[in-house]
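Notes follow the structure.
In this text the structure is predicted, and so the values were computed from the model without any measurement.
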Number of protein chains: 2
Amino acid sequence: MSMIGTIDVDVGEPLSLHQRILSDISERILSGAWAPGQRIPFEHELTAEYNCSRMTVNKALSQLAKAGLIERRRRSGSFVRRPQSQAAVLEIHDIRIEVEALGLPYRYERVARHRRRSSAEDRALLELAAAGPVLALECRHFAGKRPFAREQRLINLAAVAEAADEEFHAIAPGPWLIARVPWSAAEHRIRAVAADRHIAAALDIAVGAPCLVVERRTWSAEHPVTHVRFTYAAESHTLVARFTPSQG
Amino acid sequence: MSMIGTIDVDVGEPLSLHQRILSDISERILSGAWAPGQRIPFEHELTAEYNCSRMTVNKALSQLAKAGLIERRRRSGSFVRRPQSQAAVLEIHDIRIEVEALGLPYRYERVARHRRRSSAEDRALLELAAAGPVLALECRHFAGKRPFAREQRLINLAAVAEAADEEFHAIAPGPWLIARVPWSAAEHRIRAVAADRHIAAALDIAVGAPCLVVERRTWSAEHPVTHVRFTYAAESHTLVARFTPSQG
DNA sequence: ACTGCGATTATGTATATACATATTGAGATG
DNA sequence: CATCTCAATATGTATATACATAATCGCAGT
């Protein structure tokens, strides 16, 4: 995976040498003192500068390379990487947590639950090759008295058989799955749509009103587990994503 | 920064020991063989299992801890971490690249450019404490003949003085800034809105049509650099974010 | 000039070793 | 019985060393 990651550097406290080298170098890169494309000192030069062993410098530089701040070339040295595309970290919380963070009481409601053989559309959503049983759920999440989000979910019963025995009256499928299924990958798609009459009814808004839709597909060890679509009324929701290449 | 990161593991090729330990352990965690909360073998046990030195095991475990898959506790050992909130990586590309990825010709247009003393609203958007000169830009990005995105941007001239001399007729402010200013942090806010008449005119869509708005605030070494708002017509745009705790 | 080869160089990976530090658990003390 | 102390233990950090590997440079030979 080629991406720009993050580096954690503890501030305050007597820094370890490793952390000092990390923060020193990233500071120099981010401040622009060391420009993109420029070669940074060789390991043996940094070894002299910090008066430490090459292993220590090497570990720090390897970490900076993994974080995407520098690029290392054998025989040539290490170079400040030109900024590529921005990679922001989007934290996607459980809806209960989001609602409670707003200081509003949270309520969950299961609207419908169907067990069926997967339709072609189901298979497309889950990226499932063969037909098999799925569980289709529709739920609503409330913040105070107002509907906050509509949830439409498909669960691949071939991957999570126990879900067939759960009514999802008391617990939302999200937290239920999180507690049970270790997931190895997820893909999110975020877009804006106009409310159709189903959305309008579910969220108690006008037909045509703008909504934010977040769809998530989750895999566990190569098997599709679930596809979920959350629809939020525009006023109720903003997603926040952050990127900090250094200094958590 | 407390988040779940990613681990890069090369597949194929004769794996280095380090990578083999990494992928072995993350596989066991992600498959559920080692459940959350469970203690994983001590370093000295893994040393025996892989017949290698403790340093090698230690490096791998430290990396898994940084990636958030395990938690290390002195004297007690290392434990599989319970999944927290999902952290997805949202890659935010240059608009030219996005358009060209669609196979459409890209065109850029500068609509307006004003240099002014920052208004209260400007300062709020930039999170600027004191008043100072700013550059306000409005641009449009086209995919083929159709407007693809509207860009409204503020540049803090106190942080990027050279921007005052640039007309931004030939080059979009995004790539211009990227090439010049190393950024150290960014915050994105994503939401859905209904097109007002300005948006409708800019994007050639109906008033009230749903749009996706992506706002980004960028800092460089503690100083606010720019605030930009991109508005996309709903049909034209979907953001994709991915998370893979292992196996890039 | 052009080509190929070998020496040089910087990074990549692994080892053995050493000592620091946080935490636990057992035994001693009040 | 509570608490205090100390030794045991697992991780944290750093060192010196060794050899592998990839890329580059310069030199020799055509």
Side-chain angles (χ1 to χ4, degrees), chain A residues 2 5 7-26 29 34 37-81 248, chain B residues 2 5 7-26 29 34 37-81 248:
Chain A
S2 170
I7 312 167
D8 295 297
V9 179
D10 275 2
V11 237
E13 304 295 305
L15 286 178
S16 70
L17 209 44
H18 178 84
Q19 289 176 320
R20 218 184 94 213
I21 298 175
L22 267 184
S23 55
D24 264 26
I25 295 184
S26 46
I29 291 175
W34 287 349
Q38 183 181 331
R39 187 177 64 68
I40 74 172
F42 294 128
E43 289 188 354
H44 70 261
E45 295 173 302
L46 292 169
T47 290
E49 176 175 347
Y50 290 98
N51 192 35
C52 67
S53 76
R54 184 168 82 91
M55 273 305 297
T56 303
V57 169
N58 181 283
K59 260 181 82 171
L61 291 189
S62 301
Q63 194 175 327
L64 286 167
K66 255 180 70 67
L69 281 189
I70 63 172
E71 187 190 330
R72 314 201 69 195
R73 289 205 284 273
R74 273 178 164 149
R75 165 70 214 243
S76 311
S78 303
F79 297 80
V80 179
R81 254 182 61 165
Chain B
S2 170
I7 312 166
D8 296 296
V9 179
D10 275 5
V11 235
E13 304 294 307
L15 287 177
S16 70
L17 209 46
H18 178 83
Q19 289 176 321
R20 220 184 92 214
I21 299 175
L22 267 185
S23 54
D24 265 27
I25 295 183
S26 46
I29 291 175
W34 288 350
Q38 185 182 326
R39 186 178 63 70
I40 74 172
F42 293 127
E43 289 189 353
H44 70 262
E45 295 173 303
L46 292 169
T47 290
E49 177 177 345
Y50 290 96
N51 192 36
C52 66
S53 75
R54 183 168 84 90
M55 273 305 295
T56 304
V57 169
N58 180 283
K59 259 181 85 171
L61 291 190
S62 302
Q63 195 174 328
L64 285 167
K66 256 180 66 69
L69 280 189
I70 64 172
E71 187 189 330
R72 315 202 70 194
R73 289 204 284 274
R74 272 179 165 148
R75 164 70 214 244
S76 310
S78 303
F79 298 80
V80 179
R81 253 183 59 165

Exercise. Taking DNA chain D as the partner, which of residues 38-49 of chain A come within under 4.0 angstrom of it by heavy atom?
Worked result: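 By residue number: none to list.
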Problem set entry | Full working for side chain to side chain contact (heavy atoms under 4.5 Å, CB included) between L64(B) and I40(B) | CA-CA 12 Å; L64(B) 285 167; I40(B) 74 172; 5.8 Å; no
Problem set entry | side-chain contact (heavy atoms from CB on, under 4.5 Å) against R74(B), all qualifying residues, sequence neighbours excluded | none
For this session: List in chain and number order the residues that pass side-chain contact (heavy atoms from CB on, under 4.5 Å) with A65(B), two or more places apart in sequence or in another chain; answer none if no residue qualifies.
Result: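 Once residues adjacent in sequence are excluded, the partners of A65(B) under the side-chain contact (heavy atoms from CB on, under 4.5 Å) criterion are I70(B), R72(B).
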For this session: Name all residues meeting the ring pair (Phe, Tyr, Trp, His ring centres under 6.0 Å) criterion together with F79(B); count only those two or more places apart in sequence or in a different chain, and write none if there are none.
Result: none
In whole angstrom, what separates [X]'s [atom1] from [N]'s [atom2]?
| X | N | atom1 | atom2 | result |
| --- | --- | --- | --- | --- |
| L64(A) | dT11(C) | CG | P | 13 Å |
| K59(A) | dT11(C) | NZ | P | 18 Å |
| I21(A) | dT13(D) | CD1 | P | 13 Å |
| F79(A) | dA23(D) | CZ | C1' | 11 Å |
| R72(A) | dA23(D) | CZ | P | 14 Å |

Problem set entry | Closest contact, heavy atoms only, V57(A) versus C52(A) |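 In this case the closest contact between V57(A) and C52(A) is CG2-SG, 3.7 Å.
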For this session: Determine the minimum heavy-atom distance between D24(A) and Y50(A), stating which atoms define it.
Result: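 What the structure gives for the nearest pair is OD2-OH, 2.7 Å.
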Problem set entry | CA sep, side-chain torsions, deciding dist, call: H18(A), K59(A), side chain to side chain contact (heavy atoms under 4.5 Å, CB included) | CA-CA 8 Å; H18(A) 178 84; K59(A) 260 181 82 171; 3.9 Å; yes
Exercise. Would I25(A) and L69(A) satisfy side chain to side chain contact (heavy atoms under 4.5 Å, CB included), going step by step from the backbone distance to the final call?
Worked result: CA-CA 9 Å; I25(A) 295 184; L69(A) 281 189; over 6 Å; no
Exercise. Does any non-hydrogen side-chain atom of T47(A) lie less than 4.5 Å from one of F42(A)?
Worked result: no
Report all interatomic pairs (protein N or O, nucleotide N or O of nucleotides 14-18 of chain C) with separations under 3.5 Å.
unit_1  : atom_1 : unit_2 : atom_2 : d
dA14(C) : OP1    : L17(B) : N      : 2.4
dA14(C) : OP2    : H18(B) : N      : 3.4
dT15(C) : OP1    : S53(B) : N      : 3.4
dT15(C) : OP2    : S53(B) : N      : 3.0
dT15(C) : OP2    : S53(B) : OG     : 2.9
dT15(C) : OP2    : T56(B) : OG1    : 2.4

Problem set entry | Ionic contact status for E71(A) with R81(A), cut-off 4.0 Å | no
Exercise. Which is it for L46(B) and E43(B) under the side chain to side chain contact (heavy atoms under 4.5 Å, CB included) test, yes or no, and what are the steps along the way?
Worked result: CA-CA 5 Å; L46(B) 292 169; E43(B) 289 189 353; 5.9 Å; no
All N/O contacts under 3.5 Å from nucleotides 22-24 of chain C to the protein, with atom names and distances to one decimal?
unit_1  : atom_1 : unit_2 : atom_2 : d
dA22(C) : O4'    : R74(B) : NH1    : 3.2
dT24(C) : O2     : R75(B) : NH1    : 2.7

